[in-house]
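For reference, the structure discussed in these notes is given below.
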Amino acid sequence: MKGVVFIRDLHQHVGQTVTLAGWLYNSRVSSKVAFLVVRDGTGLCQCVVDKAGVSPELFETAARLTQESSLLVTGSIRADERAPGGYELQVSGLEVVHRTSDYPITPKPHGIDFLFKHRHLWLRSRRPTAIMRVRHTVIDAIRRFFNDRGFMLVDTPIFAPSAGEGAQTLFEVDYFGEPMYLAQTGQLYLESAALAYGKVYCFGPTFRAEKSKTRRHLTEFWMVEPEIAWARLEDLLEVAEDFIVSIVQRVLRDNRADLEFLGRDIAALERIQKPFYRLTYSQAAEILRGPQARELLEKDLAEKTARAAELKASIERKEKERVAPGVKKHVQERLAAEILDEREELADVEEQLTNIPKHMELAANFEWGKDLGGSDETIISRLHDRPVFVTHYPRGCKAFYMKRDHEDPRTVRNFDCLAPDGYGEIIGGSQREDDLDALLERMAEENMVTKPYEWYLDLRRYGSVPHGGFGLGIERTVAWICGLKHIRETIAFPRLMGRVYP
RNA sequence: UCCCCGAUAGCUCAAUGGUAGAGCACCCGGCUGUUAACCGGGUUGUUGUAGGUUCGAGUCCUACUCGGGGAGCCA
């Protein structure tokens, strides 16, 4: 809109009279002055209406404005330490574009179910805004990384006639009477593109019909997958390392305020530098069975036990304080809010307390040949302060297209990248099997029908070269960088088991 | 598919098997350069659904629905 200034740019307009186009985020009104906190999508600005300085009609309008009413507000900008954001607008004009009534999301606490049922409105709030901004930066950093390094974008199909791997986890759709599946990876197609153009990537939505109800899973998520001709496992690790570092650096540069708002430990992100740790699967298995993992979990158990006791005592104390005679209402309210928070944390801690012994047992009895479980990944990642590559998994627990390792034929030349702080796997990738006979042998072991894959096998018949690639999950990456407990907050409209609205 | 937890006012939550409550939101009034402002007053209910136990069920039992967390699987 012409003549309208964004709140993000207010620092360039100190001393000037400007117009903001936005919505009322919150207000505080008294007899002589009204504070209107206005949001415009780029930030929040406190707009001050002095009764003495404006017409009685304007003051009355301002005083009766409701949450999320849309408005045009005009006034002069000045720096003021008391204003959130550092700048405020002294109102001289106010036009209400639409008066809202009964906006459902109040500045008070809401439950997660309520918030996701109102996700279309919740997006306006500060926390989702901060997260969506980080997501935007992450995606832009990803595209720049590949584009600046000579990768070509190749979009792969979303309708796929056959399963890449594990048919039971795909969404089946009716394609003119034939069964089709929503793609869970673009990789096989991308290998074809890599042998055509060298360095390629695809970036799009991915669908998994896994019936997972956890904080790490969505049924629809976004994945970026580079695929590189002539690349061996070692090359892929270097690309992945540079890739992650560049994403984190960009977010640190562009979204520091968002990270601070989200309460992220920024120093921990600043430690994300090359080189990442490199472990083979066998080394990871040794760590899981060894004293390091046991000590970590024992320490954890002791800390969580102490924390649980501390929380219980604190909740009890606050309950007593809350109902004591003569306590002010707002103090009661604050105590009630704190009690809720502490109860939530206590429930979390207690769940962890029941899980830790199970995780200890799983880790201690870890057998070579099994895939790493979620808790195993968490242990490995928590024992390191930078991302960890785990390479050379047993052949049996990995997909058919992964290249067999010649030095240890029990393993394949794959890697997972585990984010720190227990966030788990954010990248999975591998060098691909480029030898036709080895690939056919592996497919036979899996009892796979080769006919739907003839085109894929052609890539090994006509100018086969070593090649490989990996997939990075956008939502898991954003959750890690933002320090979120749950992946569902990292996408505007999450699709989970049992949640498709809005 | 399996295991654990939950569902009470528009929202967030209380209520030893015995008359369903508080705060917020909303309305009215007061007050203050306010910071999730504060103070006083007012309005708010088929306790998720269907059965059962009981003199009596928000509370106990069974089934179902929906949601949360986890296992498996994965990014």
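By convention in this document, chain letters (A, B, ...) are assigned in the order of the sequence lines, proteins followed by strands, and residues within each chain are numbered from 1. Since the structure is predicted, the reported quantities are computational estimates derived from the model, not experimental observations.
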Output the rounded distance in Å from [atom1] ([X]) to [atom2] ([N]).
| X | N | atom1 | atom2 | answer |
| --- | --- | --- | --- | --- |
| A/D50 | B/G33 | CG | C1' | 9 Å |
| A/E225 | B/A75 | CD | P | 9 Å |
| A/E210 | B/G72 | CD | C1' | 10 Å |
| A/N26 | B/U34 | CG | C1' | 10 Å |
| A/E377 | B/A75 | CD | C1' | 10 Å |
| A/M497 | B/G67 | CE | C1' | 11 Å |
| A/L115 | B/G10 | CG | C1' | 14 Å |
| A/N414 | B/A75 | CG | P | 11 Å |

Practice problem: With RNA chain B as reference, determine whether A/D102 or A/Q46 sits nearer its 5' end, using the nearest nucleotide of each. | Solution: A/D102

Practice problem: Starting from the 5' end of RNA chain B, give me the residue, A/R488 or A/D371, whose nearest nucleotide shows up first. | Solution: A/R488

Rounding to an integer number of angstrom, what distance separates [N] and [M] when you compare their [atom1] atoms?
| N | M | atom1 | answer |
| --- | --- | --- | --- |
| B/C11 | B/A25 | C1' | 7 Å |
| B/C5 | B/C74 | C1' | 25 Å |
| B/G70 | B/G23 | P | 35 Å |
| B/U47 | B/U19 | C1' | 15 Å |
| B/U54 | B/G17 | C1' | 9 Å |
| B/U8 | B/A57 | C1' | 14 Å |

Exercise. Tell me, please, which residues at least two apart from A/F35 pass ring-ring contact (aromatic ring centres under 6.0 Å, His included).
Key: none

Quiz item: Among all residues two or more places apart in sequence or in another chain, which pass the ring-ring contact (aromatic ring centres under 6.0 Å, His included) test with A/H118?
Solution: A/F114

Exercise. Applying salt bridge (Lys or Arg N to Asp or Glu O under 4.0 Å), name anything that partners A/E238, two or more places apart in sequence or on another chain.
Key: none

Quiz item: Are the side chains of A/V412 and A/K403 in touch, meaning some heavy atoms are under 4.5 Å apart?
Solution: no

Quiz prompt | Beyond-backbone contact of A/D416 with A/I427, side-chain heavy atoms, under 4.5 angstrom | solution = no

Considering every strand and a 4.0 Å limit on heavy-atom distances, what is the contact class for [X]: base, sugar-phosphate, or nothing?
| X | value |
| --- | --- |
| A/L218 | base |
| A/I487 | base |
| A/H486 | sugar-phosphate |
| A/R127 | nothing |

Self-check item: Closest to side chain of A/T214, choosing from B/A71, B/A37, B/G33
Solution: B/A71

Self-check item: Candidates B/U34, B/G33, B/C73 - which lies nearest the side chain of A/V48
Solution: B/G33

Quiz item: Which of these, A/K199, A/Q187, A/R432, sits in a side chain to side chain donor-acceptor pair (under 3.5 Å) with A/E227?
Solution: A/R432

Exercise. Could you list all the salt bridge (Lys or Arg N to Asp or Glu O under 4.0 Å) pairs where at least one residue sits in residues 491-502 of chain A, not counting sequence neighbours?
Key: A/D113-A/R499

Quiz item: Given pairs defined as Watson-Crick or G-U wobble with both distances under 3.5 Å, what dot-bracket annotation applies to RNA chain B, with ( ) intrastrand, [ ] crossing, | other strand and . unpaired?
Solution: (((((((..((((....[..)))).(((((.......))))).....(((((..]....))))))))))))....

Exercise. List in chain and number order the residues that pass side-chain contact (heavy atoms from CB on, under 4.5 Å) with A/T411, two or more places apart in sequence or in another chain; answer none if no residue qualifies.
Key: A/W368, A/H392, A/D405, A/D408

Quiz prompt | side-chain contact (heavy atoms from CB on, under 4.5 Å) partners for A/P494, two or more places apart | solution = A/F116, A/R119, A/L218, A/R488, A/I491, A/L496

[N] OP1/OP2 closer than 4.0 Å to side-chain N/O of [X]:
| X | N | value |
| --- | --- | --- |
| A/K211 | B/U1 | yes |
| A/R499 | B/G68 | yes |
| A/N355 | B/C4 | no |
| A/R216 | B/A71 | yes |
| A/R476 | B/A75 | no |

Quiz item: Is A/F35 stacked on the base of B/G33, meaning ring centres closer than 5.5 Å and planes within 30 degrees of each other?
Solution: no

Practice problem: Decide if atom NE2 of A/H136 counts as having more than 12 heavy atoms of other residues, nucleotides or ligands within a radius under 6.0 Å. | Solution: no

Hey, does the side-chain of [X] have a donor or acceptor N/O within less than 3.5 Å of a partner on the base of [N]?
| X | N | answer |
| --- | --- | --- |
| A/H217 | B/C74 | yes |
| A/R208 | B/G72 | no |
| A/E88 | B/G33 | yes |

Report, one line per pair, each donor and acceptor closer than 3.5 Å where one atom sits in a side chain of residues 472-483 of chain A; sequence neighbours left out.
unit_1, atom_1, unit_2, atom_2, d
A/E475, OE1, A/W222, N, 3.0
A/E475, OE2, A/R135, NH1, 2.9
A/E475, OE2, A/R135, NH2, 3.3
A/E475, OE2, A/W222, N, 3.3
A/R476, NE, A/R216, O, 3.2
A/R476, NH1, A/E425, O, 3.1
A/R476, NH2, A/R216, O, 3.2
A/T477, OG1, A/G473, O, 2.7

Quiz item: Taking the six-membered ring for Trp, is the centroid-to-centroid distance between A/F243 and A/F146 below 6.0 Å?
Solution: yes

Dump the pairs, protein N or O against N or O of nucleotides 28-31 of chain B, anything under 3.5 Å, distances to one decimal.
none

